[in-house]
Amino acid sequence: MKLVEQFFPVCDYDLAATLASGQAFRWKEIDGSWEGVIGENWVRLKQEVDGILAQTVCLKAGQASCLSCFDWLRDYLQIDADLSVILRSFPLDDVPLQTAVTSCRGLRLLRQDPWECLASFILSSTKQIVQIQQIVSLLCERFGKPLAVPENHPPVFSFPSAERLATCTEQELRDCKMGFRAPNLLATAKMVSNGEIHLQSLYALPLEKARAELVALPGVGKKIADCVLLFAYGFPQAFPIDVWILKALRQLYFPKRKPTAKRLLHFSQTHFGPNAGYAQQYLFHYMRTKI
DNA sequence: AACCAGGACACAA
DNA sequence: TTGTGTCATGGT
């Protein structure tokens, strides 16, 4: 059991804003670092001025594969995404958006595992982020696999597979405090594990078709589908509209009028450009922290 | 104590 | 097409 380190030089990457902005639910800040799980790997990340320092563990000491296979982490963090290009694609005359960007420049979008993201957001409906974190944590402790961790570190578990959750009873899931979301998660886990939907195949589809497949799952409407499309599949135009974004759109862009939901939807899909999903994340974070 | 939370769904008008 | 009640649970 050996601690392995890797440094990723990157500018404009705000680790805290990114990991705590409600797109992923398994990151904890522990004395200056962020600890979490990506796939089957325990990870510790530390913000440096000129990049990110990553630590993980390797079961077999001296194995070169650990050092050379940080690609999964590079991909998850989207280190190679050029943030300046994305920010330049935003409408320049949009004062509220530019304010939001200025207030938390370095906020990024992650590239998560589709199943974990889908399951997590099924649990997210009308729950506060802290509660989602608690439910996900219980789910992992009870049904995930124990992972390799550093010496004297408390145990950490993987996010349970769809196959594992499909074998749970509804009551076992309810006992993780997810309430009425339990039957939805269970039914979706069964559909994923028996092949009624093939999550891997959605990468190749255009946005609308991928969304249509997700919305067919129990407990998944447009908002949750867009979260998965944006945070896992990397569709940059996906624009999840939750209560916070609704508030942001109304009070920042239509302060006097009372636009219909349809009008707001149209606005969100035409005004923000090809990276609307990023704009959405900046507005979301801005509303939750600065106002 | 009342109100709300990264909603979805069935059903009414 | 748009509006309302319901579903659990815990934080503020």
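Computed from heavy atoms alone, side chains included, the values below leave out hydrogens, waters and symmetry copies. So that the names make sense, note that chain A is the first sequence line, chain B the second, and so on, each numbered from 1. In this text the structure is predicted, and so the values were computed from the model without any measurement.
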Quiz item: So, are A:Arg174 and A:Glu170 salt-bridged, with charged N and O less than 4.0 Å apart?
Solution: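 Between A:Glu170 and A:Arg174 there is a salt bridge, with a charged N closer than 4.0 Å to a carboxylate O.
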Self-check item: Sidechain N-carboxylate O distance under 4.0 Å for A:Asp14, A:Arg105
Solution: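 No.
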Quiz prompt | Distance-only donor-acceptor check, side chains A:Asp94 and A:Gln98, under 3.5 Å | solution =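 There is no such pair (donor and acceptor under 3.5 Å, judged by atom type) between the side chains of A:Asp94 and A:Gln98.
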Self-check item: No-hydrogen, no-angle side-chain donor-acceptor test under 3.5 Å, A:Lys127 and A:Gln131
Solution: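 Judged by distance alone, the side chains do pair up.
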Quiz item: Is there ring stacking between A:Phe121 and B:dG6, where the centres must be under 5.5 angstrom apart and the planes under 30 degrees?
Solution: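 Whether judged by distance or by angle, A:Phe121 falls short somewhere, so it does not stack on the base of B:dG6.
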Quiz item: Given the side-chain rings of A:Phe70 and A:Tyr76, with only the six-membered ring counted for Trp, is the space between their centroids under 6.0 Å?
Solution: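 Not close enough - the centres of the two rings lie 6.0 Å or further apart.
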Self-check item: Ring center gap for A:Tyr278 and A:Phe231 short of 6.0 angstrom
Solution: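 No, ring centres 6.0 Å or more apart.
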Self-check item: Among A:Leu229, A:Leu202, A:Val228, the one residue meeting side chain to side chain contact (heavy atoms under 4.5 Å, CB included) with A:Arg211
Solution: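 With A:Arg211 as partner, side chain to side chain contact (heavy atoms under 4.5 Å, CB included) holds for just one option, A:Leu229.
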Kindly say whether, by distance alone, the side chain of [X] makes a donor-acceptor pair under 3.5 Å with the base of [N]?
X        : N      : result
A:Lys127 : C:dT9  : yes
A:Gln134 : C:dG11 : no
A:Gln280 : B:dG6  : yes

Quiz item: Considering only side-chain heavy atoms of A:Ile224, which listed nucleotide, C:dG11, B:dG7, B:dG6, is closest?
Solution: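 Per side-chain heavy atoms of A:Ile224, the pick is B:dG7.
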Quiz item: Please, which pairs that meet ring pair (Phe, Tyr, Trp, His ring centres under 6.0 Å) have at least one residue in residues 160-185 of chain A, sequence neighbours excluded?
Solution: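 Pairs touching residues 160-185 of chain A that pass the test: none.
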Report, one line per pair, each donor and acceptor closer than 3.5 Å where one atom sits in a side chain of residues 257-268 of chain A; sequence neighbours left out.
residue, atom, partner, partner atom, Å
A:Thr260, OG1, A:Arg263, N, 3.1
A:Ser268, OG, A:Leu265, O, 2.7

Quiz prompt | Close residues, residues 165-180 of chain A, relative to DNA chain C [heavy-atom separation under 4.0 Å] | solution =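 Hits under 4.0 Å, by residue number: A:Arg174, A:Lys177, A:Gly179, A:Phe180.
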Self-check item: Contact list for DNA chain C against residues 229-247 of chain A - heavy-atom distance below 4.0 Å
Solution: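 Those residues whose heavy atoms fall under 4.0 Å from DNA chain C, taken from residues 229-247 of chain A, amount to none.
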Are any protein N/O atoms closer than 3.5 Å to N/O atoms in nucleotides 9-13 of chain B? If there are, list each pair with its distance.
residue, atom, partner, partner atom, Å
B:dC9, OP1, A:Gly219, N, 3.1

Review item, side-chain donor-acceptor pairs of residues 151-161 of chain A, under 3.5 Å, at least two apart:
residue, atom, partner, partner atom, Å
A:His153, NE2, A:Glu35, OE1, 2.6
A:Ser158, OG, A:Lys145, N, 3.0
A:Ser161, OG, A:Arg164, N, 3.0

